[in-house]
*Asks:* 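Take a look at this one; I'll ask things after.
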Amino acid sequence: MNAETAAKPVIVGVDGSEYSSAALRYAGKLAARLGTRLEVITCVGMPVYLVTSRLEGADRQFTARLEDAAERLVEDALGRAFPGERPENVDVSVKFGPPAKVLVDESRRAQMLVVGRHGEGGLLKQSMGSVTKACAAHSACPVLLVGPEADAV
(Lines give C-alpha, C1' and ligand atoms only; values in the text may rest on other atoms or scores of the structure.)
Protein backbone atom coordinates (compact mmCIF):
# COMPACT_ATOMS: atom_id res chain seq x y z
CA MET A 1 0.00 0.00 0.00
CA ASN A 2 1.42 3.39 -0.91
CA ALA A 3 1.24 6.58 1.16
CA GLU A 4 -1.54 8.05 -0.99
CA THR A 5 -3.78 5.00 -0.50
CA ALA A 6 -3.07 4.88 3.25
CA ALA A 7 -4.17 8.51 3.59
CA LYS A 8 -7.58 7.77 2.07
CA PRO A 9 -10.28 6.72 4.55
CA VAL A 10 -12.54 3.72 4.58
CA ILE A 11 -16.01 5.24 4.29
CA VAL A 12 -19.10 3.48 5.61
CA GLY A 13 -22.69 4.53 5.04
CA VAL A 14 -24.91 4.18 8.11
CA ASP A 15 -28.71 4.43 8.23
CA GLY A 16 -29.47 2.67 11.51
CA SER A 17 -30.47 -0.66 9.98
CA GLU A 18 -29.03 -4.02 11.11
CA TYR A 19 -27.20 -4.20 7.78
CA SER A 20 -25.51 -0.86 8.36
CA SER A 21 -24.51 -1.89 11.89
CA ALA A 22 -22.80 -4.98 10.46
CA ALA A 23 -21.19 -2.82 7.76
CA LEU A 24 -19.95 -0.42 10.44
CA ARG A 25 -18.36 -3.24 12.46
CA TYR A 26 -16.72 -4.67 9.36
CA ALA A 27 -15.51 -1.24 8.17
CA GLY A 28 -14.00 -0.50 11.59
CA LYS A 29 -11.98 -3.71 11.52
CA LEU A 30 -10.97 -3.11 7.91
CA ALA A 31 -9.81 0.47 8.59
CA ALA A 32 -7.75 -0.74 11.56
CA ARG A 33 -6.11 -3.46 9.46
CA LEU A 34 -5.37 -0.98 6.67
CA GLY A 35 -4.04 1.59 9.15
CA THR A 36 -6.37 4.34 7.96
CA ARG A 37 -9.26 6.47 9.25
CA LEU A 38 -12.84 5.26 9.39
CA GLU A 39 -15.34 7.83 8.19
CA VAL A 40 -18.96 7.18 9.11
CA ILE A 41 -21.46 9.01 6.92
CA THR A 42 -25.19 9.21 7.39
CA CYS A 43 -27.46 11.06 5.00
CA VAL A 44 -30.56 13.11 5.48
CA GLY A 45 -32.20 12.43 2.13
CA MET A 46 -34.52 15.34 1.67
CA PRO A 47 -35.82 16.70 -1.61
CA VAL A 48 -33.74 19.70 -2.68
CA TYR A 49 -36.76 22.03 -2.83
CA LEU A 50 -37.59 21.25 0.80
CA VAL A 51 -34.03 21.89 1.99
CA THR A 52 -33.70 25.18 0.14
CA SER A 53 -37.13 26.35 1.29
CA ARG A 54 -36.14 25.65 4.92
CA LEU A 55 -32.78 27.42 4.95
CA GLU A 56 -34.23 30.90 5.35
CA GLY A 57 -34.10 32.54 8.78
CA ALA A 58 -35.63 30.73 11.75
CA ASP A 59 -36.45 27.67 9.67
CA ARG A 60 -32.83 26.59 9.98
CA GLN A 61 -33.95 25.06 13.28
CA PHE A 62 -35.74 22.44 11.17
CA THR A 63 -32.54 21.27 9.46
CA ALA A 64 -30.60 21.52 12.73
CA ARG A 65 -33.09 19.14 14.36
CA LEU A 66 -32.76 16.73 11.45
CA GLU A 67 -28.98 16.86 11.75
CA ASP A 68 -29.18 16.25 15.52
CA ALA A 69 -31.43 13.23 14.96
CA ALA A 70 -29.02 11.85 12.34
CA GLU A 71 -26.07 12.33 14.71
CA ARG A 72 -27.95 10.42 17.44
CA LEU A 73 -28.68 7.63 14.96
CA VAL A 74 -24.94 7.34 14.19
CA GLU A 75 -23.99 7.42 17.88
CA ASP A 76 -26.49 4.61 18.55
CA ALA A 77 -25.07 2.63 15.61
CA LEU A 78 -21.52 3.15 16.89
CA GLY A 79 -22.60 1.91 20.32
CA ARG A 80 -24.16 -1.24 18.82
CA ALA A 81 -21.27 -1.89 16.44
CA PHE A 82 -18.53 -1.35 19.04
CA PRO A 83 -20.05 -2.07 22.47
CA GLY A 84 -16.70 -2.23 24.24
CA GLU A 85 -14.45 0.43 22.87
CA ARG A 86 -14.87 2.59 19.79
CA PRO A 87 -11.99 2.29 17.30
CA GLU A 88 -9.50 5.11 17.02
CA ASN A 89 -9.49 7.48 14.05
CA VAL A 90 -13.27 7.61 13.55
CA ASP A 91 -14.84 10.65 11.92
CA VAL A 92 -18.61 11.10 11.78
CA SER A 93 -20.43 13.35 9.35
CA VAL A 94 -24.02 14.07 8.43
CA LYS A 95 -24.66 14.96 4.80
CA PHE A 96 -27.83 16.35 3.27
CA GLY A 97 -28.92 14.79 0.00
CA PRO A 98 -29.93 11.49 -1.57
CA PRO A 99 -27.85 8.76 0.12
CA ALA A 100 -26.77 7.05 -3.11
CA LYS A 101 -25.55 10.29 -4.66
CA VAL A 102 -23.79 11.41 -1.49
CA LEU A 103 -21.98 8.10 -1.00
CA VAL A 104 -20.94 7.85 -4.66
CA ASP A 105 -19.63 11.44 -4.53
CA GLU A 106 -17.73 10.68 -1.30
CA SER A 107 -16.24 7.52 -2.82
CA ARG A 108 -13.96 9.71 -4.95
CA ARG A 109 -11.79 10.37 -1.93
CA ALA A 110 -12.05 6.91 -0.31
CA GLN A 111 -9.85 3.85 -0.28
CA MET A 112 -12.97 1.71 0.05
CA LEU A 113 -16.71 2.26 0.47
CA VAL A 114 -18.55 -0.14 2.79
CA VAL A 115 -22.35 -0.38 2.72
CA GLY A 116 -24.94 -2.81 4.02
CA ARG A 117 -26.78 -4.89 1.44
CA HIS A 118 -30.09 -3.41 2.57
CA GLY A 119 -31.03 -0.28 4.39
CA GLU A 120 -34.09 0.81 6.28
CA GLY A 121 -36.25 0.59 3.14
CA GLY A 122 -34.97 -2.76 1.82
CA LEU A 123 -37.40 -5.35 0.56
CA LEU A 124 -36.62 -8.82 1.87
CA LYS A 125 -36.89 -10.54 -1.53
CA GLN A 126 -34.22 -8.35 -3.12
CA SER A 127 -30.55 -9.19 -2.77
CA MET A 128 -29.60 -5.48 -2.52
CA GLY A 129 -31.25 -2.19 -1.73
CA SER A 130 -31.34 0.70 -4.22
CA VAL A 131 -28.59 2.69 -2.46
CA THR A 132 -26.37 -0.39 -2.40
CA LYS A 133 -26.96 -1.01 -6.11
CA ALA A 134 -26.13 2.59 -6.99
CA CYS A 135 -22.94 2.49 -4.91
CA ALA A 136 -21.85 -0.81 -6.47
CA ALA A 137 -22.51 0.49 -9.98
CA HIS A 138 -21.11 4.02 -9.73
CA SER A 139 -18.53 4.21 -6.94
CA ALA A 140 -15.09 5.60 -7.79
CA CYS A 141 -13.42 3.11 -5.39
CA PRO A 142 -13.90 -0.55 -4.48
CA VAL A 143 -17.20 -1.25 -2.70
CA LEU A 144 -17.73 -3.88 -0.03
CA LEU A 145 -21.33 -5.03 0.42
CA VAL A 146 -22.00 -6.42 3.89
CA GLY A 147 -24.87 -8.58 5.08
CA PRO A 148 -25.92 -8.93 8.71
CA GLU A 149 -24.01 -12.23 8.98
CA ALA A 150 -20.64 -10.46 8.51
CA ASP A 151 -19.97 -10.23 12.26
CA ALA A 152 -17.33 -12.97 12.14
CA VAL A 153 -14.68 -10.86 10.43
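Hydrogens, waters and symmetry mates are skipped; everything else that's a heavy atom, side chains included, is used.
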*Asks:* Heavy atoms only: give me the nearest L34-Q111 pair and the separation to one decimal.
*Replies:* CD1-OE1, 3.4 Å

*Asks:* What is the minimum heavy-atom distance between A134 and V104, and which atoms define it?
*Replies:* O-CG2, 3.8 Å

*Asks:* Rounded to the nearest 0.5 Å, how far apart are CG of L113 and CG of L144?
*Replies:* 9.0 Å

*Asks:* Check whether S139 reaches the backbone of P142 with its side chain - one donor and one acceptor, N or O, closer than 3.5 Å.
*Replies:* no

*Asks:* How close do C141 and A110 get, heavy atom to heavy atom, and via which atoms?
*Replies:* CB-O, 3.4 Å

*Asks:* Going by the rule side-chain contact (heavy atoms from CB on, under 4.5 Å), which residues pair with L73 if we only count those two or more places apart in sequence or in a different chain?
*Replies:* V14, T42

*Asks:* Give the minimum heavy-atom separation between S21 and A81, together with the two atoms involved.
*Replies:* O-CB, 3.9 Å

*Asks:* Would you give the length of the straight line joining atom CZ of R25 to atom OG of S20, rounded to the nearest 0.5 angstrom?
*Replies:* 9.5 Å

*Asks:* So, the side chain of T36 versus the backbone of K8: is there a donor-acceptor pair under 3.5 Å, distance only?
*Replies:* yes

*Asks:* Measure the NE2-NZ distance between H138 and K133 for me, rounded to the nearest 0.5 Å.
*Replies:* 11.5 Å

*Asks:* Report whether V74 and L30 are members of the same hydrophobic cluster (ILVMFWY, side-chain heavy atoms less than 4.5 Å apart, transitive linking).
*Replies:* yes

*Asks:* Of all heavy-atom pairs between A70 and V94, which one has the smallest distance, and what is that distance?
*Replies:* CB-CG1, 3.8 Å

*Asks:* What pairs with R108 under side-chain contact (heavy atoms from CB on, under 4.5 Å), at least two apart in sequence or on another chain?
*Replies:* D105, A140

*Asks:* For a salt bridge (charged side-chain N to carboxylate O under 4.0 Å, His left out) check, start with the C-alpha distance between R37 and E88, then their side-chain angles and the critical distance, and finish with the verdict.
*Replies:* CA-CA 8 Å; R37 293 179 348 274; E88 295 180 22; over 6 Å; no

*Asks:* Within the 4.5 Å heavy-atom criterion, are L78 and V92 side-chain neighbours or not?
*Replies:* yes

*Asks:* Less than 4.5 Å apart, side chain to side chain, heavy atoms only: is that true for E39 and S93?
*Replies:* yes

*Asks:* Could you note down all residue pairs passing salt bridge (charged side-chain N to carboxylate O under 4.0 Å, His left out) where residues 68-85 supplies at least one of them, sequence neighbours left out?
*Replies:* E75-R86

*Asks:* List the atom of G147, the atom of A22, and the distance in Å for their closest heavy-atom pair.
*Replies:* O-CB, 3.5 Å

*Asks:* Any side-chain heavy atom of V146 within less than 4.5 Å of one from V115?
*Replies:* no

*Asks:* Quick one: does F82's side chain get under 4.5 Å of P87's, heavy atoms only?
*Replies:* yes

*Asks:* Among residues at least two apart in sequence or on other chains, which ones pass side-chain contact (heavy atoms from CB on, under 4.5 Å) with A27?
*Replies:* V10, V12, L38, V114

*Asks:* With side chains defined as the heavy atoms from C-beta onward, is the minimum distance between S107 and M112 less than 4.5 Å?
*Replies:* no

*Asks:* Are D91 and V40 side-chain neighbours, meaning at least one heavy-atom pair lies under 4.5 Å?
*Replies:* no

